[in-house]
Amino acid sequence: MNATDFTLGVLEMTELAPGASTTFTVTFTPSSLGSRHAALHIESNVAGSANPFDINVTGTGLKAAENWRQTHFGSTANSGNAADGFDYDKDGLPNLIEWACNLNPTTASSMPAYAVRNGTDFEFTYTRSVAALNAGTVFTVEWSDTLVGNDWHTTGVAEVVQSNNGTVQQVKATLPTGILGHRFVHLKVTAAP
Ligand SMILES: [Ca+2]
């Protein structure tokens with residue numbers, strides 16, 4: 001039983017004509033993942049088996065990413081339209097990136113990131129979701145001089161959170177431009193386990 005996950009509201013009305021009805025709310029605030037349940041006992045002056053009147057209440061605590069999929073795709077599963085690797089709105093950004101960067105996965109958007117050169121540094125600025133970050137999503141700015149295979153590096157990359165409005169953070173990564181006259185930068189996003 002997880003009674004403390006369910007909070008009862010007050011009765012809308014406490015004086016009623018016979019046969020009339022009133023309502024109250026039950027608010028579900030899961031303190032843990034997975035199936036949660038409790039029993040609601042309503043006592044009255046009604047005689048017989050309906051006193052107390054018992055109602056079983058259930059809910060499911062979702063991971064943040066599951067909740068996001070449910071909101072946008074009506075499914076918590078990492079599959080089909082809601083799969084991390086699927087690009088539902090065909091904007092070039094897979095759902096995992098949409099979630100990680102606080103974008104709408106059903107409306108085409110562009111990657112909220114840009115790079116500028118500042119002297120001997122590159123400055124790569126990107127926007128990320130605080131919810132995704134708090135859920136354990138890992139954001140890594142990497143650079144490559146070759147674009148070959150796994151030739152991506154984090155050496156010399158320093159990040160600063162420039163702003164945080166509680167929903168998104170803007171992060172600036174600074175890294176050396178290198179000595180070859182060219183360098184490529186990307187943002188790697190790894191889903192929370
Ligand atoms: Ca997309």
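What you see below is based on every heavy atom in this structure, not just the backbone, and it leaves out hydrogens, waters and symmetry mates. Note that this is a predicted model, so its numbers are computed, not measured. Remember, it's 1-based here, ligands and their atoms both numbered in the order they're listed. The chain is numbered in sequence order, starting from 1.
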Hey, which of T76, N81, D84 is the one that makes side chain to side chain donor-acceptor pair (under 3.5 Å) with R69?
D84
The atom of E98 among N, O or S that is nearest the Ca ion (ligand 1) is OE2
Could D121 and K172 be called an ion pair, given the rule that one side-chain N must be under 4.0 Å from one carboxylate O?
no
Would you say the Ca ion (ligand 1) has L93 as a near neighbour, meaning an N/O/S atom of that residue under 3.0 Å away?
yes
N, O or S atom within D89 nearest to the Ca ion (ligand 1), by name
OD1
Test item: side-chain donor near acceptor, T107 and D89, under 3.5 Å
no
Atom of D87 nearest the Ca ion (ligand 1) (restricted to N/O/S, atom name only)
OD1
Is there a path of hydrophobic side-chain contacts, each under 4.5 Å between heavy atoms of I, L, V, M, F, W or Y residues, that connects M13 with L8?
no
Residue D91 atom name (nearest to the Ca ion (ligand 1); N/O/S):
OD1
Checking side-chain polar atoms at under 3.5 Å, does E159 have a donor or acceptor matched by the opposite partner on Y126?
yes
